Amino acid sequence: MTRKSEVLSPYYGEPRKFDSTFKGPIHNRSCTDVLCCVIFMLVIIGYIALGIVAWLHGDPRKVVYPTDSSGQFCGQKGTANEKKPILFYFNILKCANPAVLVNLQCPTTQMCISKCPDRFATYADMQIQYQLDGKHWEYYKQFCKPGFNNPRKAVAHVLRDEDCPSMIVPSRPFLQRCFPDFITKNGTLTIGNRTAFRDSPEKARTVTELKDAAKGLTNLLDSKDVGIKIVEDYARSWCWILIGLVIALVVSLIFILLLRFTARLLLWLVILSVIAMVAYGIWHCYRELSLLSDHPGADVAISDIGFQTDLHVYLQLRQTWLVFLISLGVIESFVVVTLIFLRNRVQIAIALLQEGSKAISYMMSSLFYPIVTFCLLAVCISYWAVTAVFLASSAEPVYKVMSSQPNCLYANRTCDPENFNSTNITQLCPGSQCTFAFYGGENIYHRYIFVLQLSNLLIFLWLVNFTVALGQCTIAGAFASFYWAQRKPADIPSCPVFSSFARALRYHTGSLAFGSLILAVVQFVRIILEYLEQRLKGVNNMVARFLLCCLKCCFWCLERFLRFMNRNAYIMIAIYGTNFCTSARDAFYLLMRNVVRVAVLDKVTDFLLFLGKFLIAGSMGILAFLFFTHKIPIIQEEVPVLNYYWIPLLTVILGSYLIAHGFFSVYGMCVDTLFLCFCEDLERHDGTSEKPFFMSPGLHSILGNPQYGPQKFKD
């Protein structure tokens with residue numbers, strides 16, 4: 001009996017011929033995509049050189065420490081400012097100038113001081129009081145330019161030369177900068193028990209003007225307070241967060257082990273548990289919505305109250321529970337409809353996962369390979385972040401003319417602080433000064449820092465995708481060796497995961513780098529498009545925004561397609577040892593010849609695995625919520641006092657999901673590998689004694705049905 005013909009599309013190539021010597025992943029293989037491998041190695045060497053150059057020129061202190069008008073760091077050890085860690089603005093009212101948005105610097109003299117002023121005073125008042133008591137000048141002098149010691153100098157001349165601030169107000173340090181300390185008394189905004197003051201003899205000011213000048217400060221102060229409280233919450237609850245993540249790790253591992261023996265029962269239990277969990281959520285949201293129907297103030301819109309760090313504020317609004325109710329209703333409907341219309345596909349996917357659990361049981365070390373991927377990704381991310389910071393801080397100080405007069409022709413022009421007073425700019429633009437603006441430079445290195453930052457980003461994306469590709473190829477090679485073992489587990493090679501890792505790294509670095517580069521370029525373009533969209537938000541050019549939206553959609557689809565193709569190409573590389581293009585072509589043709597099987601496998605199995613991750617993360621979230629909100633009577637005394645209970649709660653949920661995703665990603669790669677091996681096995685063999693199948697009878701009964709693939713006719 002020989003196979004006479006196959007009903008196959010002529011556009012998707014021919015199936016592989018029978019090879020009696022084929023026994024699984026080829027061990028005698030050669031290096032593939034050598035040119036790309038060489039380029040990849042050179043890029044890594046260049047990336048290391050870029051990091052060294054950035055390290056030599058960069059100075060992270062420019063990011064950490066504030067800088068005065070002379071470009072000196074406040075609080076820097078070994079300098080005159082060592083004991084002056086706080087930056088003081090002479091006239092913070094000038095910070096309301098639009099030039100702040102352009103140069104990110106306030107057009108007023110800035111100097112380093114040891115502590116912020118704690119009282120209200122003006123230079124004019126100080127001169128009067130100085131006649132009676134010299135202590136007033138001794139206090140005020142510490143906020144004047146170093147070396148200035150002439151309290152009798154005319155006020156107008158002092159303010160013109162900016163020797164001293166026109167006034168000082170009670171302030172408090174924030175991010176090593178002095179900002180006014182606003183206090184509300186009886187509904188009136190005050191500062192230093194005053195509501196009005198003069199910043200010069202002829203200019204009367206109000207506290208409201210001062211508050212408007214520091215308008216962005218109030219948000220920053222709130223952000224700082226929130227940040228401090230978040231750090232405090234992490235410090236108090238880190239051990240409980242760690243315990244929660246360990247529990248998620250143990251639960252995920254137990255879940256994987258149980259799949260080996262009770263896959264069908266366990267997966268149906270997961271499905272029903274998710275449906276029940278979401279149904280309970282819908283009932284709870286409806287109950288809360290009903291209870292708030294007569295509650296005063298519950299009909300306020302979420303947009304009207306803005307961002308609030310206290311989540312209880314949102315939970316008192318009917319709109320919040322309505323949003324939850326609708327969202328959970330959509331999720332419940334989607335899950336139920338999917339199960340109804342794809343119930344047969346779900347049965348097949350469950351059986352596939354059951355077969356995958358058998359493979360994992362023979363090589364449990366594969367479950368811990370995501371730790372290797374995580375460590376490599378951590379190295380890539382850390383190196384990219386450090387290099388980016390050093391590149392951003394490797395520029396030289398640039399000084400510009402700062403003027404509060406809008407008609408100054410020299411405003412925002414570069415200047416030299418050493419000879420600025422000898423120019424005529426001070427005469428044409430009274431009150432202007434040569435102030436440190438930002439860090440930049442005029443040489444070739446400084447002019448191309450932006451290009452180097454883009455290169456840093458592109459190489460980072462390349463390395464991240466290469467790390468993921470290496471993991472996928474390693475796991476695929478290990479499970480392929482399981483599939484093509486005629487006698488399981490006797491014919492499974494020892495240390496299959498390590499052997500597959502060594503093969504991938506030794507022979508196929510170039511192929512993995514090739515596929516990773518293509519994906520990295522697409523991701524890089526998407527990031528550029530996102531940046532352009534942010535820049536065009538204030539532009540009313542509808543055509544440009546429409547084209548940008550279309551491009552974003554196209555590149556998103558392209559990235560998803562490339563991810564799918566690369567994943568299957570790496571499986572073919574792990575099996576046959578061919579180059580990337582050949583593997584991608586063979587994988588594409590093989591999938592197209594089994595397109596119905598792909599539809600059965602790809603999304604339905606992903607859906608089941610997602611339900612498992614959702615159940616684990618959701619269960620840990622419920623447990624963490626009950627714990628941190630003191631709802632568990634047995635251990636109420638052990639619960640730490642927190643500012644925001646949602647900080648550790650979200651951390652536990654996100655961490656649990658990532659842990660479950662790490663385990664289940666191995667499962668997903670296992671199923672994909674077994675599927676491609678099955679398709680290859682079905683085309684190479686016919687189940688006779690001359691061409692026996694390598695697949696298990698269970699797997700053949702799942703996917704061997706003619707309605708799921710090419711029909712075979714025999715004589």
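If you're wondering where the values come from, they're calculated on a predicted model, not measured in any experiment.
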Apply ring pair (Phe, Tyr, Trp, His ring centres under 6.0 Å) to F501 and list each qualifying residue two or more places apart in sequence or on a separate chain.
none
Just jot down the disulfide bond (SG atoms under 2.5 Å apart) partners of C116, sequence neighbours excluded, or say none.
C178
Considering residues at least two apart in sequence or located in another chain, which fulfil the disulfide bond (SG atoms under 2.5 Å apart) criterion with C144?
C164
Sequence neighbours excluded, the answer for disulfide bond (SG atoms under 2.5 Å apart) partners of C36 is none
Regarding D672 and Q472, is there a side-chain donor-to-acceptor distance under 3.5 Å anywhere?
no
Applying ring pair (Phe, Tyr, Trp, His ring centres under 6.0 Å) to F88 and not counting sequence neighbours gives F143
Report all side-chain donor-acceptor pairs from residues 39-53 shorter than 3.5 Å, counting only partners two or more places apart or in another chain.
residue : atom : partner : partner atom : Å
Y47     : OH   : N456    : OD1          : 2.5

Contacts of R563 meeting salt bridge (Lys or Arg N to Asp or Glu O under 4.0 Å) (sequence neighbours excluded), chain-then-number -> E559
Taking all heavy atoms of Q142 and all of S114, pick out the closest pair and write down the distance.
OE1-OG, 4.5 Å
Under the rule for ring pair (Phe, Tyr, Trp, His ring centres under 6.0 Å), what residues qualify as partners of F514, not counting sequence neighbours?
F580
Would you say the side chains of S511 and T32 form a donor-acceptor pair under 3.5 Å?
yes
Residues two or more places apart in sequence or in another chain: which of them pass salt bridge (Lys or Arg N to Asp or Glu O under 4.0 Å) with E82?
none
For N465 versus L461, what's the shortest heavy-atom pair and its separation?
ND2-O, 2.7 Å
Would you please name every residue forming a side chain to side chain donor-acceptor pair (under 3.5 Å) with N81, sequence neighbours left out?
none
Using modelled atom types only, decide if a donor and an acceptor are shared between the side chain of S171 and the backbone of V169 within a distance under 3.5 Å.
yes
Residues that K115 engages under salt bridge (Lys or Arg N to Asp or Glu O under 4.0 Å), provided they are two or more places apart:
none
Does the pair C37/C31 show an SG-SG distance of less than 2.5 angstrom?
no
What pairs with C473 under disulfide bond (SG atoms under 2.5 Å apart), at least two apart in sequence or on another chain?
none
